[in-house]
Amino acid sequence: MCRVTAISCTELRNFSDKIQKKFDESAQFVVLHGPNGAGKTTLLEALFYGCYLKSFRTSHVHDLISFGRNNFFIEILISDAQSEQTHTISVGCDGEKKVIKLDGKAIKTHKQLLEKYRVLGLTENDLDLISGAPLERRTFLNHAQMLFDVQFVERMRVYRRSINQRNALLFSLKGGQNHVSTSNLHQLNVWTKNVWEQGKDEVYRFKTMLFSIEQKVNELLLRHCPSDQLKITLSYDPAFYQEDESYEDFWNRYTKDLMSEEIRQGRGLWGLHLDDFSISLFDKSMRRFASRGQQKLAILLLKVAILHLLGTGTAVFIVDDFMTDFDARRIHQVLQILRETKTQIIMTTPLQFFIPQDFAGIMQLIEIEGKI
């Protein structure tokens, strides 16, 4: 069972100096509380960065550096009860250079990090999984698959190389859709088949993962929220790919329906990186028909389902002030749902957190005192 036992941050966002916090290994829930702007979310951001080497709030690493400074540094101590080992993850930014070390040694691949430390996050921004653009849902799929299969990172690196090569070829042909030479058509066929084969395998994995998540979500709803009588469905929506289609049939359909437009635009218009998935409530779009409370419950259950499927204590779950729209009944249901994961949960709340009596023995409260 992997648990974070301590974290220290230096020159990270509003922590202009060094801050250190220790977490009680016996407490399943760690609650960071304090006023807005104190740095609660920044600590969760640091935990997230230690896994994905990027923030859930910004795509620019330099946005994490405290004002007027040139670098930031994060150190995370983790304990693995199963192997009885402890590890130290050291990450940060020194000027233009990223620093990534595991137990004092520079790592060569992201896989080395994921084998020791995995994080699943839940923030207000996750509502974009329902109301946002396809990119938000593809990011969710990628993060989830990364947690289930550390080899996914390398497969995506190979896939992106193929996409880049294919796009370079299409760009070189841009505007010449009526004059494609036999040689160029052959090259396009080769790279198209390459992308199709790589994508087909990943689509199967994504569909399998979404089916398992859907089954677990509805199992959790039935067990913990039976009076709500909700049923959620997840559907993978490919951009152009069709299931059970041979490559020859795909190529024929592609040359007829899409090739000219790709060459006209000079870029690919299909592929795994452009696919989407939908979240429905009773086969109706949650974006249009579900309340905000139902949407938040659905997103939370998606993440919890992943925790269950990963296995007890495989990942750390960080929750950033997500339950503010829930009433007391729903909060207690959610806490029971989270408790059942047997996973370390590190969460934030702006005020003193009300602890139900039956949770007092498994919660640690840590006050973050004002802006530092």
Side-chain angles (χ1 to χ4, degrees), residues 4 6-24 27-52 54-69 72-76 91-93 119-132 136 291-293 295-297 299-300 303 316-335 338 344-356 359-360 363-372:
V4 176
I7 183 172
S8 66
C9 305
T10 305
E11 299 179 352
L12 179 70
R13 284 202 187 272
N14 46 331
F15 299 124
S16 55
D17 295 315
K18 186 174 183 177
I19 181 172
Q20 294 178 295
K21 294 296 177 183
K22 292 184 178 181
F23 303 149
D24 183 353
Q28 182 185 358
F29 292 82
V30 176
V31 180
L32 309 176
H33 68 95
N36 291 332
K40 304 181 301 295
T41 299
T42 298
L43 283 177
L44 295 190
E45 193 176 16
L47 292 167
F48 188 91
Y49 189 92
C51 176
Y52 297 105
K54 61 182 179 180
S55 164
F56 56 74
R57 291 201 285 185
T58 178
S59 58
H60 303 290
V61 66
H62 288 90
D63 291 345
L64 278 70
I65 301 174
S66 183
F67 181 75
R69 306 302 174 91
F72 72 85
F73 184 74
I74 301 164
E75 186 172 86
I76 302 168
V91 293
C93 176
V119 168
L120 188 63
L122 179 64
T123 75
E124 282 283 331
N125 291 338
D126 281 317
L127 281 172
D128 288 341
L129 288 176
I130 292 174
S131 59
E136 304 294 337
S291 68
R292 180 178 172 86
Q295 290 180 0
K296 293 191 83 168
L297 179 63
I299 297 303
L300 182 141
K303 302 295 183 92
V316 175
F317 194 32
I318 59 174
V319 183
D320 187 28
D321 197 21
F322 193 78
M323 295 191 286
T324 51
D325 293 319
F326 294 155
D327 58 24
R329 178 185 70 91
R330 182 69 84 198
I331 287 176
H332 199 265
Q333 285 178 335
V334 167
L335 289 175
L338 294 175
Q344 185 184 35
I345 296 157
I346 304 173
M347 56 194 298
T348 66
T349 179
L351 304 172
Q352 181 75 23
F353 188 70
F354 170 73
I355 303 178
F359 283 81
M363 274 194 180
Q364 176 191 14
L365 267 68
I366 297 178
E367 184 176 3
I368 310 298
E369 300 175 347
K371 191 169 183 178
I372 299 175

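Ser131 pairs by the side-chain hydrogen bond (donor to acceptor under 3.5 Å, both in side chains) definition with nothing, not counting sequence neighbours. Under the ring-ring contact (aromatic ring centres under 6.0 Å, His included) criterion, Phe73 pairs with no residue, sequence neighbours left out. Residues passing the ring-ring contact (aromatic ring centres under 6.0 Å, His included) test with Tyr52 are Phe48, His143, sequence neighbours excluded. Residues satisfying the side-chain contact (heavy atoms from CB on, under 4.5 Å) criterion with Lys22, sequence neighbours excluded, are Ala6. Under the side-chain hydrogen bond (donor to acceptor under 3.5 Å, both in side chains) criterion, Gln333 pairs with Arg330, sequence neighbours left out. Partners of Ser55 under the side-chain hydrogen bond (donor to acceptor under 3.5 Å, both in side chains) rule, at least two apart in sequence or in another chain, are Glu45. In this structure Ser8 satisfies the side-chain contact (heavy atoms from CB on, under 4.5 Å) test together with Lys18, Gln20, Glu75, sequence neighbours excluded. The side-chain contact (heavy atoms from CB on, under 4.5 Å) search around Asp24 returns Ser26, Ala27, Gln364, not counting sequence neighbours. Under the side-chain hydrogen bond (donor to acceptor under 3.5 Å, both in side chains) criterion, Lys303 pairs with Asp126, not counting sequence neighbours. Partners of Glu136 by salt bridge (Lys or Arg N to Asp or Glu O under 4.0 Å), not counting sequence neighbours: none found. With sequence neighbours left out, the ring-ring contact (aromatic ring centres under 6.0 Å, His included) criterion links Phe322 to no other residue. Applying the side-chain contact (heavy atoms from CB on, under 4.5 Å) rule to Gln28 yields the partners Arg3, Arg339, Thr341, Ile345, Ile362; only residues at least two apart in sequence or on another chain are considered.
For the pair Ala46 and Ile7, the tightest heavy-atom approach, listed with the atom from each and the gap, is CB-CD1, 3.7 Å.
The distance from atom CG of Asp321 to atom NZ of Lys40, rounded to the nearest 0.5 Å, is 7.0 Å. Between the CD1 atom of Ile368 and the CZ atom of Phe15 there is a distance of 6.0 Å, given to the nearest 0.5 Å. To the nearest 0.5 angstrom, Leu12 atom CG is 10.0 Å from Ile19 atom CD1. Of the inter-residue distances, the one linking Ile331 atom CD1 with Arg329 atom CZ reads 11.5 Å to the nearest 0.5 angstrom. To the nearest 0.5 Å, atom CD of residue Glu11 and atom CG of residue Leu64 are 13.0 Å apart. Interatomic distance, Leu43 CG to Ile366 CD1, rounded to the nearest 0.5 Å: 8.5 Å.
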_Stepwise side chain to side chain contact (heavy atoms under 4.5 Å, CB included) test for Lys21 and Ile346_ = CA-CA 12 Å; Lys21 294 296 177 183; Ile346 304 173; over 6 Å; no
*Would you check, one step at a time, whether the test side chain to side chain contact (heavy atoms under 4.5 Å, CB included) holds for Phe56 with Ile318?*
CA-CA 11 Å; Phe56 56 74; Ile318 59 174; 4.1 Å; yes
*Could you give me the CA-CA distance, side-chain angles and deciding distance for Val4 and Leu47, then say whether side chain to side chain contact (heavy atoms under 4.5 Å, CB included) is met?*
CA-CA 9 Å; Val4 176; Leu47 292 167; 4.0 Å; yes
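In this structure, Glu124 does not pair ionically with Arg57, as no charged nitrogen and carboxylate oxygen lie closer than 4.0 Å.
Between Met363 and Leu335 there is a side-chain heavy-atom pair separated by less than 4.5 Å. No side-chain heavy atom of Thr349 sits under 4.5 Å from any side-chain heavy atom of Met347.
A side-chain hydrogen bond (donor to acceptor under 3.5 Å, both in side chains) with Thr41 is found for one member of Asn36, Thr123, Asp320 and no other, namely Asp320.
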